[in-house]
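Since this is a predicted model, take the numbers as computed values, not measurements.
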Amino acid sequence: MKKIIAFVLALALLGCLFAGCGSSKDSSALNTIEKGKLIMSTNASFPPYEMVADDGSFEGIDVEIAGAIADKLGLELVIDDMDFNGALLAVQNGKSDIVMAGVSVTEDRKLVMNFSNSYATGVQVVIVKEGSDVTMDNLGEKMIGCQAATTGYIYASDTPENGGYGEDHVTAYDNGASAVQALLNGQVDCVIIDSAPAKEYVAANPGLTILEGTWVEEDYAIGLNKDNAALLDAVNQALDELTKDGTIQRIIDKYIAAN
């Protein structure tokens, strides 16, 4: 009997090896900050990607995608809400495993963090008051509001020689909601922000509208620490599986109506 049991266990072990029991679902093989957990830093004021629900929990596209990735990796998702720049720094400084906050991939950011494959496209637009004389062509003559540390702020505050409008034409705010409130208060003439949250803010604030046209288009991806290549590989594998089985698109469609 003992020989039979030993033989069965041996077969099970071989099956485990060939079936990939040490795959992305084996959380013990992943180097995360806290064992068994996937800590995500974010700025939860970027609807519909991340926001605070009425009950105080977090919801949105990034939140659900991160949850699906954590499930694939056999980890518990933990969300740490902070300002956008802090969320980026958290993953660089080893305080979080991933950062998701509608993070656009840029060459400068690639110098200080790793990026997963892209999971969505971010389109930045311009919010103005209805009846405003602001146009895509005269933004350099206006006062622009942006969320601090975002590519919207970085690009807009750059010098005119580099395609920006200059720092004296741009005011940075802690989050998109504060920038939109500044627009409503007449402190800025317009707000540059991603299309999806722009639509949410306009819907919630009568008297605002979005200019026709795209200000810039970028790829969204998950940011990870430069020294954690194993987690990057696991996240990319999970993203690939979730993309192929339609999960990513279903999550996006849940929050953003198809055109």
Nearest-0.5 Å distance, [atom1] of residue [X] to [atom2] of residue [Y]:
| X | Y | atom1 | atom2 | result |
| --- | --- | --- | --- | --- |
| Leu224 | Ser96 | CG | OG | 8.5 Å |
| Asp81 | Met51 | CG | CE | 13.0 Å |
| Asn85 | Thr150 | CG | OG1 | 10.0 Å |
| Tyr220 | Ser116 | OH | OG | 13.5 Å |

When you compare the side chains of [X] and [Y], does any donor N or O come within less than 3.5 Å of an acceptor on the partner?
| X | Y | result |
| --- | --- | --- |
| Gln124 | Ser104 | no |
| Asp108 | Thr106 | no |
| Glu50 | Thr42 | yes |
| Thr151 | Glu218 | yes |
| Asn185 | Gln181 | yes |
| Asn162 | Tyr155 | no |

Going through the checks in order, is the side-chain hydrogen bond (donor to acceptor under 3.5 Å, both in side chains) test met by Asp62 and Tyr119?
CA-CA 10 Å; Asp62 285 348; Tyr119 63 89; 2.6 Å; yes
Assess the residue pair Gln147 and Asn43 against the criterion (side-chain hydrogen bond (donor to acceptor under 3.5 Å, both in side chains)); give the C-alpha distance rounded to whole Å, side-chain angles, the decisive distance to 0.1 Å, and a yes or no.
CA-CA 11 Å; Gln147 182 176 351; Asn43 176 232; 2.8 Å; yes
Taking the side chain as every heavy atom from C-beta outward, state whether [X] and [Y] have any atom pair closer than 4.5 Å.
| X | Y | result |
| --- | --- | --- |
| Pro48 | Pro197 | yes |
| Phe84 | Val103 | yes |
| Asp97 | Met40 | no |
| Leu30 | Leu75 | yes |
| Arg109 | Leu88 | yes |
| Val125 | Leu211 | no |
| Val202 | Ile127 | yes |
| Asp189 | Val128 | no |

Qualifying salt bridge (charged side-chain N to carboxylate O under 4.0 Å, His left out) pairs with a residue from residues 134-154, counting only residues at least two apart or across chains
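For residues 134-154, and leaving out neighbouring residues, the salt bridge (charged side-chain N to carboxylate O under 4.0 Å, His left out) pairs sorted by first residue read Asp133-Lys142.
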What do the steps show when you test Ile65 against Met100 for side-chain contact (heavy atoms from CB on, under 4.5 Å), and what is the final call?
CA-CA 9 Å; Ile65 290 176; Met100 294 182 74; 4.0 Å; yes
Are the charged groups of Glu107 and Lys110 less than 4.0 angstrom apart, N to O?
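Salt bridge present between Glu107 and Lys110.
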Going by side-chain heavy atoms closer than 4.5 Å, which hydrophobic residues are tied to Ile33, directly or by a chain of links?
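Reading the cluster by chain and number, Ile33 sits alongside Ile39, Val78.
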Just checking Tyr255 against Tyr49, ring centres under 6.0 Å apart?
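They do not qualify: ring centres at least 6.0 Å apart.
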Look at the side-chain heavy atoms of Ile, Leu, Val, Met, Phe, Trp and Tyr, link any pair under 4.5 Å apart, and say whether Ile98 and Met82 land in one connected group.
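No, no single cluster joins them.
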I'd like to know if Met113 and Leu38 are part of one continuous hydrophobic network [Ile/Leu/Val/Met/Phe/Trp/Tyr, side-chain heavy atoms within less than 4.5 Å].
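Different clusters: Leu38 never reaches Met113 through Ile, Leu, Val, Met, Phe, Trp or Tyr contacts under 4.5 Å.
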Is a donor on one side and an acceptor on the other found under 3.5 Å between the side chain of [X] and the backbone of [Y]?
| X | Y | result |
| --- | --- | --- |
| Thr243 | Leu239 | yes |
| Asn175 | Ser45 | no |
| Ser118 | Ala120 | yes |
| Asn236 | Asn117 | yes |
| Ser41 | Ala87 | yes |
| Ser157 | Tyr153 | yes |
| Asn205 | Tyr201 | yes |

Steps toward side-chain contact (heavy atoms from CB on, under 4.5 Å) verdict (Lys254, Glu64):
CA-CA 10 Å; Lys254 175 181 174 180; Glu64 291 202 22; 2.6 Å; yes
Testing Asp240, Leu242, Thr247 one by one against Lys244 for a side chain to side chain contact (heavy atoms under 4.5 Å, CB included), which residue passes?
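It is Asp240; the other options fail the test.
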When you look at Phe115 and Asp219, which way does the side-chain contact (heavy atoms from CB on, under 4.5 Å) test go after all the steps?
CA-CA 11 Å; Phe115 280 103; Asp219 289 325; over 6 Å; no
